[in-house]
Every structure is written in structure tokens, then in C-alpha cells.
Amino acid sequence: MGRIVVLGSLNTDLVASVRHLPRPGETVLADSLHTFPGGKGGNQAAAAARLGGVVRMVGRVGTDTFGEGLLTSLEKDGVDTSGVARDARAPTGTALILVDPRGENVIAVSPGANATLGQDEVERAIQSVDSGGLLVLQLEIPATVVRQAIEDARKRRIRVLLNAAPVREFDPAVIAGLDILVANEPETSALVGRPVTDVGSASDAARALHDRGVGLAVITLGAAGSVFCENGEAERVEPFQVVAVDSTGAGDAFVGALAVALTGGVELRLALRYANAAGATAASRAGAQSSLPRRADLEQLVGVKWP
Ligand code: ADP
């Protein structure tokens with residue numbers, strides 16, 4: 001049983017640093033190659049566990065060494081990985097990332113085993129959410145699985161947090177009745193069908209999503225913090241000032257922190273303040289999973305003491 005159950009993607013990120021991004025047909029030599037654990041599901045599970053959450057991951061990896069590495073890394077962070085299946089027919093999800101010295105990148109994602117998630121995973125996830133728990137979903141797994149998980153959770157009165165990432169075509173019917181929706185600016189723009197670029201337009205969007213049946217709509221705004229709407233009025237949650245180094249992982253840290261705070265009974269405004277602090281801390285450090293904070297990091301880097 002886990003208070004926070006993440007049903008989502010697990011990827012190995014292969015990051016090669018190159019002097020310039022190759023043109024079609026060109027071969028370039030990479031200065032370095034690094035392997036990182038990734039995937040929004042795995043990142044958010046790690047984020048929640050590092051902040052003290054009791055977390056179970058449900059997903060699929062291949063029977064290859066990449067899958068093994070991802071499980072080991074999650075276990076090191078204290079995530080229960082017994083809900084992750086090993087798929088003998090599909091490789092572990094992998095992202096091939098080339099980065100140039102200016103930080104520009106090209107990425108190809110092979111979903112691999114993430115694309116074979118199905119009803120078994122939905123059942124494993126739903127059955128392991130205990131009372132007062134939370135099911136956390138993103139959009140890096142098949143849309144049918146996300147929809148089914150939301151429907152089954154609703155029937156069992158299990159609270160669901162959907163992080164609408166990455167941007168993707170989305171069945172609007174899924175939104176109505178959702179407990180918690182977290183989306184950044186481009187994701188929110190796609191959801192509401194108009195540009196969301198600042199506090200004003202995000203506040204309008206949060207209200208619109210709440211009107212469409214989302215219990216708590218949260219829009220993250222990078223360095224501008226976040227806004228939320230849970231009762232018809234939108235409110236801003238002020239950002240923390242940090243020197244941004246690499247915003248990769250900020251959204252995942254935000255979601256993980258929000259999940260831990262809300263399942264821990266923290267009041268909503270304070271929970272969102274912790275989430276902003278976690279996002280800001282992740283943005284102030286390089287890497288994705290490696291930048292996800294622990295409680296002590298929040299205190300040290302942005303002066304937030306988690307009770
Ligand atoms: P995503 O990574 O999904 O695009 P955001 O960039 O909106 O998400 O970041 C998530 C949260 O992290 C924001 O709501 C904010 O609280 C925090 N954050 C991100 N970047 C910064 C930054 N440069 N300065 C302060 N806080 C940040």
C-alpha cells in the first residue's frame with residue numbers, strides 16, 4: 001500500500017554533449033555521454049519520496065540493463081518499485097538527447113515498455129492506493145490508460161492528480177470531475193485553446209478549468225510561481241527567487257512536493273508554497289532527477305522549513 005501511487009513513464013535519458021547539433025546525414029563526435037534516470041512518472045515518484053512521501057511506482061520497463069538501473073535508482077530514493085512490471089518484449093523507454101554548448105537540444109524518445117501499459121497496471125495502481133492516498137498521473141503513457149485510471153479511481157473515490165505533461169491532444173471529457181490538475185503554460189494553452197503566458201492569462205485559465213469541473217486547477221509559471229483555482233476565484237502563489245541553472249525537473253519537483261504535502265494534510269496554500277519551493281530548488285540545480293530536492297535542501301536553498 002502507498003499513500004502516493006504514481007502510474008506513469010520510466011525512461012533512461014542518454015545525453016550526449018556535442019559541439020554542434022548534426023544536420024541530416026552528418027556525424028558528429030560527442031564530448032561526453034551520460035546516462036540519467038528519467039521519465040515523468042519516475043521523476044515524480046522520486047521527487048515525492050525524497051520529500052518524505054510513502055510512494056509506490058506502477059509502470060513497465062524492459063528486461064534490459066536500462067530497466068534494472070531505473071529500478072535501482074528509484075529504490076535508492078525509497079520508492080516501492082514492486083508495482084513495476086518487466087516486459088520481455090519491449091525495451092525500456094529511452095530518450096536520446098543531444099545538447100550543444102548553448103543548451104539547444106534535439107531529442108528522440110522511444111517509449112518502449114511505456115507504450116505497453118494497460119489494464120493490469122491500472123488495476124495494480126488503483127488497488128494500492130490506501131484511504132487518504134493519491135493517484136498521480138501524467139501523459140507519457142497511453143491516453144486510454146490515463147482515461148481508464150481516472151474513471152476507475154472515481155468509482156472507488158480515490159483522489160487523482162493529473163499532471164497534463166507533456167503537451168498532447170487531450171479528451172476534454174477527462175477533465176470534468178478531476179480532483180487536481182497541474183499544468184505549465186504551454187500545457188494549459190493547449191487545454192484551454194488560447195495563449196497562457198502570464199499571471200493574468202493563467203488566472204483566467206485556472207478559473208476556466210475549474211468551471212469545466214476540475215476541483216483544484218494549478219498552473220505553474222516558471223520564475224513567476226504559480227496560480228490556482230479551487231472555488232471560482234484564482235489566487236497567485238508567489239515565487240521563490242533563485243538563480244535558474246536548469247529548469248528541467250522543476251515541474252516534476254513541484255508535482256512531487258504537492259502530492260506529499262496534500263496527502264500529509266498540509267493546508268492548500270502552504271502546500272503550494274512548498275511546491276513552488278521544490279520547483280525553484282530544482283531549477284537552481286543542474287539535471288532532472290539529480291536536481292530533485294530533499295526537505296533539507298528546501299531549507300538550505302530557499303529557506304523553507306517543511307514541518
Ligand atoms: P515545467 O518544468 O513543467 O515547465 P515550470 O517551469 O512552470 O514547470 O516550473 C514549476 C514550478 O517551479 C514553478 O511553478 C515555480 O514555482 C518553480 N520554478 C521553476 N523555475 C523557476 C525559477 N526560475 N525561479 C523560481 N521558481 C521557479
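Whatever order the structure lists them in is the order used to number ligands and atoms, beginning at 1.
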Donor-acceptor contacts under 3.5 Å from residues 143-155 side chains, at least two apart:
residue : atom : partner : partner atom : Å
Q148    : NE2  : D152    : OD1          : 3.0
R154    : NH2  : A176    : O            : 3.1

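The hydrophobic cluster containing V99 also includes V15, F36, I97, I107, V109, under a criterion of side-chain heavy atoms closer than 4.5 Å among ILVMFWY residues, counted directly or through chains of members.
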N or O contacts of ligand 1 with protein under 3.5 Å, please list pair by pair.
residue  : atom   : partner : partner atom : Å
ligand 1 : 2 (O)  : G251    : N            : 3.1
ligand 1 : 3 (O)  : N184    : ND2          : 3.4
ligand 1 : 4 (O)  : N184    : ND2          : 2.9
ligand 1 : 7 (O)  : T220    : OG1          : 2.8
ligand 1 : 7 (O)  : G222    : N            : 2.8
ligand 1 : 14 (O) : G225    : O            : 2.8
ligand 1 : 16 (O) : N276    : OD1          : 2.8
ligand 1 : 18 (N) : G222    : O            : 3.4

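Under the 3.5 Å distance criterion, with hydrogens and angles disregarded, no donor-acceptor pair is assigned to the side chains of T263 and R3. Side-chain N/O atoms of D204 and S201 include no donor and acceptor closer than 3.5 Å.
Counting heavy atoms from C-beta on, the side chains of R285 and D297 come closer than 4.5 Å.
Within the structure, the ring pair (Phe, Tyr, Trp, His ring centres under 6.0 Å) test picks out no pair touching residues 241-267 (sequence neighbours left out).
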